[in-house]
Asker: 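Sending over a structure as structure tokens; questions will come in a sec.
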Amino acid sequence: MINSKYKNNLNLIFDKLLKTYSYQGWWPFIDYDGVNPTKTGAISGYHPKDYDFPKNSNQKFEVIIGSILTQNTTWPSVEQALNNLNKLVDFDPLSILEFANNNEEPFKNAIRCVGFVNQKTEYLKNISNFYIDLKEDLDKEDEIPSRKDLLAVKGIGNETADSILLFAHKQKEFKVDSYTKRIFTYLGYIKENDSYMSIKNFFETNFSGDVNMFQEYHALIVEHAKRYYSKKPYGVNDKILNEFKI
DNA sequence: TTCCAGGCAATAC
DNA sequence: GTATTGCATGGA
């Protein structure tokens, strides 16, 4: 898929992005008093160079909820929704499920700012049920679900599954999003219509880094793309990665 | 006003 | 398997 001449480029691009933007501190947490860097669209809760997250089961489920809420919307909206929700209910599967079932309108009003409220309410109930069952079946708080099982939950697609596995469970799964496609299509490494799994496989085969660097790479891609790949024509002002264009 | 945002599922070929 | 469309809201 990639000429051997460019074999190391995914690592070189990572190095360049890291040098340019430094450590991103994903995944952000609402109750974490982290730094507030001058990051595009960032508000708070980031923890650069500290990969020891999530620190407890509530934070883990916060990542899982956030992964669904952030589908096709902006992070500031998600942060608002999480703060709204946090005043109403604990971030654990059983509490979320019961609150959503018994207080539908307050629940929807809390997350309304992220859009797609009806769908996302259903999705959040589904994922809550999934983790309730997972814990009951395996009787282990910290059991890690399989990617296949996650994908069987209505509302969890490829990207959300990888987001949950990478940032909540710290599994070495590369997360591909629309920004990833834009940057690496523009640079010439992938094609516009390549499938999610083929792009994921491309990164997992050609980028050598541990799970923390998998997290870092995705965050750096988002940061870079927000600056140069949000307005059409995408990438034309990207001087930072221009040297890696093929 | 139009376009875009850290997608997904259902449907149609 | 791949392409298209509806889903909701807020901000630039």
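Below, chain A is the first sequence line, B the second, and so on; all start at residue 1.
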Asker: Send over the distance from A/Glu192 CD to C/dA3 P, rounded to a whole Å.
Answerer: 10 Å
Asker: Hey, which of these two, A/Gln71 or A/Tyr229, hits DNA chain B nearer its 5' end, going by closest nucleotide?
Answerer: A/Tyr229
Asker: What residues, two or more places apart in sequence or in another chain, satisfy side-chain hydrogen bond (donor to acceptor under 3.5 Å, both in side chains) together with A/Asp149?
Answerer: A/Ser146
Asker: Which sits closer to the 5' end of DNA chain B, A/Thr74 or A/Tyr196, going by the nucleotide each is nearest to?
Answerer: A/Thr74
Asker: Show the numbers, then the answer: is there a salt bridge (Lys or Arg N to Asp or Glu O under 4.0 Å) between A/Lys200 and A/Glu173?
Answerer: CA-CA 8 Å; A/Lys200 173 181 169 70; A/Glu173 302 280 351; 2.6 Å; yes
Asker: Would you classify A/Val153 as touching base, sugar-phosphate or nothing, given that sugar-phosphate means primed atoms plus P, OP1 and OP2, and contacts are heavy atoms under 4.0 Å?
Answerer: sugar-phosphate
Asker: Tell me what A/Ile156 touches on the nucleic acid: a base, only sugar-phosphate, or nothing, going by heavy atoms under 4.0 Å.
Answerer: sugar-phosphate
Asker: Please confirm whether the ring centroid of A/Tyr217 lies under 6.0 Å from the ring centroid of A/Phe174.
Answerer: yes
Asker: If the P atom of B/dA9 is compared with that of C/dG10, how far apart are they to the nearest Å?
Answerer: 24 Å
Asker: Take the protein atom NZ of A/Lys226 and the nucleotide atom P of C/dA12, then report the distance between them rounded to whole Å.
Answerer: 13 Å
Asker: Spell out, yes or no, whether A/Leu88 and A/Val114 are grouped together once hydrophobic residues are joined by side-chain heavy atoms under 4.5 Å, including indirect joins.
Answerer: yes
Asker: Taking only heavy atoms on the protein side, list every residue of residues 99-114 of chain A lying under 4.0 Å from any atom of DNA chain C, sorted numerically.
Answerer: A/Arg112, A/Cys113
Asker: For A/Ser67, answer base if it contacts any base atom (sugar-phosphate contacts may also be present), sugar-phosphate if it contacts only those atoms, and nothing otherwise; contact means non-hydrogen atoms under 4.0 Å.
Answerer: nothing
Asker: Distance check, rounded to the nearest 0.5 Å: A/Ile65 atom CD1 versus A/Ser128 atom OG?
Answerer: 6.5 Å
Asker: In terms of ring plane angle, is the pair A/Trp75 and A/Trp27 parallel, tilted or perpendicular, where the classes change at 30° and 60°?
Answerer: perpendicular
Asker: Do A/Phe99 and A/Ile64 sit in one hydrophobic cluster, given that two such residues count as connected whenever their side-chain heavy atoms are within less than 4.5 Å of each other, even indirectly?
Answerer: yes
Asker: Measure the distance from CZ on A/Phe116 to C1' on C/dG6 and round it to the nearest whole Å.
Answerer: 9 Å
Asker: Looking only at atom P, what distance separates C/dC7 and B/dG6, rounded to whole Å?
Answerer: 22 Å
Asker: Considering only heavy atoms of chain A and a distance under 4.0 Å, specify the first and last nucleotide of DNA chain B in 5' to 3' order that meet this criterion.
Answerer: B/dC4 to B/dA10
Asker: Name the nucleic acid region contacted by A/Gln119, choosing base, sugar-phosphate or nothing; use a 4.0 angstrom heavy-atom cut-off, strictly under.
Answerer: base
Asker: Classify the side-chain pair A/Gln80/A/Asn84 by whether it contains a donor and acceptor separated by less than 3.5 Å.
Answerer: yes
Asker: When we call it a touch if two heavy atoms are under 4.0 Å apart, what does A/Lys154 touch: a base, just sugar-phosphate, or nothing?
Answerer: sugar-phosphate
Asker: Can you pull out the residues from residues 177-184 of chain A that lie within a 4.0 Å heavy-atom distance of DNA chain B?
Answerer: A/Asp177, A/Ser178, A/Tyr179, A/Arg182
Asker: Looking at A/Phe61, A/Phe53, A/Phe91, A/Phe167, which one forms a ring-ring contact (aromatic ring centres under 6.0 Å, His included) with A/Phe29?
Answerer: A/Phe53
Asker: Which is true for A/Lys231 with a 4.0 Å heavy-atom rule: it touches a base, it touches only sugar-phosphate, or it touches nothing?
Answerer: nothing
Asker: Please enumerate all residues that pass salt bridge (Lys or Arg N to Asp or Glu O under 4.0 Å) together with A/Lys170, with sequence neighbours excluded.
Answerer: none
Asker: A/His224 vs A/Asp238, test: side chain to side chain donor-acceptor pair (under 3.5 Å). Steps then yes/no.
Answerer: CA-CA 9 Å; A/His224 184 62; A/Asp238 181 5; 2.9 Å; yes
Asker: Does a nitrogen or oxygen in the side chain of A/Asn118 sit under 4.0 Å from OP1 or OP2 of C/dC7?
Answerer: no
Asker: Quick one: name the residues clustered hydrophobically with A/Ile132, using the 4.5 Å side-chain heavy-atom rule over I, L, V, M, F, W, Y, and just say none if it's on its own.
Answerer: A/Leu94, A/Leu97
